[in-house]
Amino acid sequence: MNIKKILVFLLILITGVAKSNAQQSKREDMPAGKWTIEQANTWYAQHRWLVGANFLPSTAINQLEMWQADSFDPLTIDRELGWAAKIGLNTLRVYLHSIAWKQDPEGFKKRIDQYLGIADKHHIKTVFVFFDDCWNKEAKPGKQPASKPGIHNSGWVQDPGQPMSADPKLFPGLEKYVKDVLDRFGKDKRILLWDLYNEPGNSDKGNESLPLLRKVFSWARAAAPEQPITSGIWKWDLEELNAFQIQNSDIITYHDYEEPEWHLRVIQMLKTHGRPLICTEYMARTRNSRFSNILPLLKKENIGAISWGLVAGKSNTIYAWDTPLPQGNQPAEWFHDIFKKDGTPYRQDEVDLIKNLKKPEGESP
């Protein structure tokens with residue numbers, strides 16, 4: 001993070017603090033339906049420390065392969081969530097996809113319910129993600145492509161994609177999707193919260209994503225789920241997007257793949273808003289964002305900790321974003337993920353750390 005970005009980020013956050021303070025003193029200025037700071041903190045206090053991972057079954061290359069009827073794989077999901085629970089993970093962040101809903105709304109919701117049943121059996125709460133601006137621009141229904149050897153997330157797809165995310169003519173269909181899912185699961189205790197839009201502005205979209213971001217918050221507020229809603233900030237120079245996300249999120253979520261000293265600065269600044277914090281993406285070993293140096297920091301600060309990746313699989317997230325290995329050979333060090341495909345930990349010391357940090361205070365290792 002360079003000096004310019006830090007200054008921009010400070011300006012954004014100072015503005016956000018002013019807005020937050022104004023909201024506390026003049027509640028009518030707060031977006032309609034947004035939780036108060038007191039409501040948000042009361043909700044957060046009801047949960048034990050949240051620690052988990054972003055989850056895609058190892059047999060799926062992307063969200064569509066996870067959720068389409070022909071490739072939905074409850075046996076693998078059950079097995080891999082069992083590994084997660086065994087090391088103390090209690091929260092998983094899972095991406096949905098509008099195309100899977102469009103194909104078969106009722107079947108899609110049944111599969112969501114089936115997934116939630118499996119997660120609940122393992123005492124795992126779920127964070128569901130609706131839209132996403134990352135990776136491949138266009139998603140297509142049906143059989144998904146094979147993984148490209150050695151390339152990180154070679155088959156991951158945006159939702160709704162480019163240029164669809166900037167086309168208002170498509171928004172009514174997306175509204176039906178969001179409201180249908182929220183109407184069905186908005187009171188489901190197995191769901192921790194709703195992450196409405198992952199990394200808006202990514203893939204060089206910038207403020208082109210702001211209209212859809214505004215709409216999805218509006219749709220979610222209209223559906224009035226009992227769970228909190230959020231959209232995580234991730235890039236500090238996207239000023240308008242960041243301001244909107246912070247102003248409208250019940251719980252502040254964020255992504256940070258930096259080293260501990262930079263991650264701590266982000267925490268210290270975001271804490272000024274007075275709301276609970278959940279880091280919904282971190283842990284990139286070759287960038288020195290590791291379980292060993294970030295997870296203890298997040299626990300000390302009482303911040304929810306959701307790393308990227310659970311089981312190495314078709315998404316190829318053991319490879320770094322910008323370091324492809326086209327021959328498919330093993331990287332010198334895994335970028336993401338905790339388990340090998342057979343359930344063996346990539347690093348035993350990491351899973352031991354997770355287990356020990358998850359133990360109640362005063363309990364011996």
Student: Salt bridge or not between Asp337 and Arg347? Use side-chain N to carboxylate O under 4.0 Å.
Tutor: no
Student: Under 3.5 Å, is there a donor-acceptor pair between the side chain of Ser209 and the main chain of Gly201?
Tutor: yes
Student: Are His47 and Trp43 close enough that their ring centers fall under 6.0 Å?
Tutor: yes
Student: Mind checking the CG-CG spacing from Asn90 to Leu192? Nearest 0.5 Å is all I need.
Tutor: 8.5 Å
Student: Measure from the side-chain N and O atoms of Gln63 to the backbone N and O of Val157, and report whether any donor-acceptor pair falls under 3.5 Å.
Tutor: yes
Student: Is any side-chain heavy atom of Leu81 closer than 4.5 Å to one of Tyr115?
Tutor: yes
Student: Say you draw a straight line from CD1 of Ile303 to NE2 of His263; how long is it, rounded to the nearest 0.5 Å?
Tutor: 6.0 Å
Student: Kindly compute the distance separating CZ (Arg275) from CD (Glu38), expressed to the nearest 0.5 Å.
Tutor: 8.5 Å
Student: Are Leu325 and Pro149 close enough that some pair of their side-chain heavy atoms sits under 4.5 Å apart?
Tutor: no
Student: Decide yes or no for Leu213 and Phe131: does some side-chain heavy atom of the first lie under 4.5 Å from some side-chain heavy atom of the second?
Tutor: no
Student: Can you check whether Met283's main-chain N or O pairs, donor with acceptor, with Ser307's side chain at less than 3.5 Å?
Tutor: no
Student: Hey, what do you get for CH2 (Trp321) to OG1 (Thr323), rounding to the nearest 0.5 Å?
Tutor: 10.5 Å
Student: Can you confirm whether more than 12 heavy atoms, excluding those of Glu240, are under 6.0 Å from its CD atom?
Tutor: no
Student: With distance as the sole criterion, is a donor-acceptor pair present between the side chains of Glu258 and Ser289 under 3.5 Å?
Tutor: no
Student: Is a side-chain N or O of Asn248 found less than 3.5 angstrom from the main chain of Ile229, in a donor-acceptor match?
Tutor: no
Student: Hey, are the side chains of Phe171 and Asp167 touching, using non-hydrogen atoms and a 4.5 Å cut-off?
Tutor: no
Student: Do the side chain of Asn316 and the main chain of Lys148 share a donor and acceptor less than 3.5 angstrom apart?
Tutor: yes
Student: Establish whether Leu92 and Ile306 are linked, either directly or via other cluster members, by ILVMFWY side-chain heavy-atom contacts under 4.5 Å.
Tutor: no
Student: Let me see the working for Glu333 and Thr286 under side chain to side chain donor-acceptor pair (under 3.5 Å), right down to the final yes or no.
Tutor: CA-CA 7 Å; Glu333 184 176 33; Thr286 59; 5.8 Å; no
Student: For Lys215, look at atom NZ and say whether over 12 heavy atoms of other residues, nucleotides or ligands are found less than 6.0 Å away.
Tutor: no
Student: Linking I/L/V/M/F/W/Y whenever their side-chain heavy atoms sit closer than 4.5 Å, directly or via other members, would Ile118 and Leu116 fall into one cluster?
Tutor: yes
Student: Could you tell me whether the side chain of Asn136 and the main chain of Ser154 form a donor-acceptor pair under 3.5 Å?
Tutor: yes
Student: Do the side chain of Gln227 and the main chain of Phe185 share a donor and acceptor less than 3.5 angstrom apart?
Tutor: yes
Student: For Arg221, is there an ion pair with Asp250 - N to carboxylate O distance below 4.0 angstrom?
Tutor: yes
Student: Parallel, tilted or perpendicular: which describes the rings of His336 and Trp308, with under 30° parallel and over 60° perpendicular?
Tutor: tilted
Student: Please tell me whether Lys314 and Ser58 have a donor and an acceptor in their side chains that are separated by less than 3.5 angstrom.
Tutor: no
Student: After noting the C-alpha distance and the side-chain angles of Asp256 and Glu281, does the key distance pass the side-chain contact (heavy atoms from CB on, under 4.5 Å) rule?
Tutor: CA-CA 6 Å; Asp256 197 293; Glu281 289 188 27; over 6 Å; no
Student: Without hydrogens or angle criteria, can the side chains of Glu65 and Ser71 be said to hold a donor-acceptor pair below 3.5 Å?
Tutor: no
Student: To the nearest 0.5 Å, tell me how far Thr126 OG1 sits from Ile191 CD1.
Tutor: 7.0 Å
Student: Under 6.0 Å between ring centres: does that hold for Phe244 and Phe217?
Tutor: yes
Student: Would you indicate whether Asp349, at its atom CG, is surrounded by more than 12 heavy atoms from other residues, nucleotides or ligands within a distance under 6.0 Å?
Tutor: yes
Student: Without swapping roles, check the side chain of Thr230 against the backbone of Ile251 for a donor-acceptor pair under 3.5 Å.
Tutor: yes
Student: Are Leu241 and Ile233 packed together at the side-chain level, in the sense that at least one heavy-atom pair is separated by less than 4.5 angstrom?
Tutor: no
Student: Mind telling me whether Tyr177 and Trp101 have parallel, tilted or perpendicular rings, with 30° and 60° as the class edges?
Tutor: tilted
Student: Assess whether atom CD of Gln327 is packed by more than 12 heavy atoms of other residues, nucleotides or ligands within 6.0 Å.
Tutor: no
Student: How about Asp133 and Gln162: do any of their side-chain heavy atoms sit closer than 4.5 Å?
Tutor: no
Student: Do Trp49 and Leu357 touch side chain to side chain, with heavy atoms closer than 4.5 Å?
Tutor: yes
Student: Just to verify, which of Arg285, Lys355, Arg290 counts as forming a salt bridge (Lys or Arg N to Asp or Glu O under 4.0 Å) with Glu350?
Tutor: Arg285
Student: Lys179 and Glu175: salt bridge (charged side-chain N to carboxylate O under 4.0 Å, His left out), yes or no, with the steps?
Tutor: CA-CA 6 Å; Lys179 288 184 174 179; Glu175 179 181 5; 2.7 Å; yes
Student: CG/Leu64 to OG/Ser98 distance, rounded to the nearest 0.5 angstrom?
Tutor: 8.0 Å
Student: Between Lys271 and Glu301, does the salt bridge (charged side-chain N to carboxylate O under 4.0 Å, His left out) criterion hold? Intermediate values first, please.
Tutor: CA-CA 10 Å; Lys271 275 193 167 185; Glu301 301 291 337; 2.6 Å; yes
Student: Could you list all the salt bridge (Lys or Arg N to Asp or Glu O under 4.0 Å) pairs where at least one residue sits in residues 105-123, not counting sequence neighbours?
Tutor: Asp78-Lys121, Glu106-Lys109, Lys109-Asp180, Asp113-Arg184, Asp113-Arg190
Student: Please name the pair of heavy atoms, one in Phe335 and one in Thr317, separated by the smallest distance, quoted to 0.1 Å.
Tutor: CB-O, 3.8 Å
Student: Do Trp194 and Val181 have side chains that get closer than 4.5 Å, going by heavy atoms?
Tutor: yes
Student: Checking side-chain contact (heavy atoms from CB on, under 4.5 Å) for the pair Tyr197/Phe130: CA distance, chi angles, key distance, verdict?
Tutor: CA-CA 6 Å; Tyr197 202 143; Phe130 277 109; over 6 Å; no
Student: Is any NZ, NE, NH1 or NH2 atom of the basic residue among Glu226 and Lys189 found under 4.0 Å from an Asp or Glu carboxylate oxygen of the other?
Tutor: yes
Student: Checking the side chain of Asp104 only, and the main-chain atoms of Gly107 only, is there a donor and an acceptor separated by less than 3.5 Å?
Tutor: yes
Student: Could you walk me through whether Thr344 and Phe339 satisfy the side-chain contact (heavy atoms from CB on, under 4.5 Å) test, starting with their C-alpha distance in whole Å, then the side-chain angles of each, then the deciding distance to 0.1 Å, before giving a yes or no?
Tutor: CA-CA 6 Å; Thr344 304; Phe339 293 104; over 6 Å; no
Student: Look at the side chain of Lys235 and the backbone N and O of Asn242, then say whether any donor-acceptor pair between them is shorter than 3.5 Å.
Tutor: no
Student: Quick one: sort the Phe291 and Tyr282 rings into parallel, tilted or perpendicular, breaks at 30° and 60°.
Tutor: perpendicular
Student: Only one of Phe55, Trp156, Phe128 clears ring pair (Phe, Tyr, Trp, His ring centres under 6.0 Å) with Tyr95; which?
Tutor: Trp156
Student: Determine the sole option in Asn54, Asn198, Val94, Leu196 for which the side-chain contact (heavy atoms from CB on, under 4.5 Å) test with Val129 is passed.
Tutor: Asn198
Student: Between Tyr319 and Trp334, is a side-chain contact (heavy atoms from CB on, under 4.5 Å) present by the stated rule, with each step listed?
Tutor: CA-CA 6 Å; Tyr319 301 97; Trp334 280 19; over 6 Å; no
Student: Cut-off 3.5 Å, side chains only: do Gln158 and Ser203 have a donor facing an acceptor?
Tutor: yes
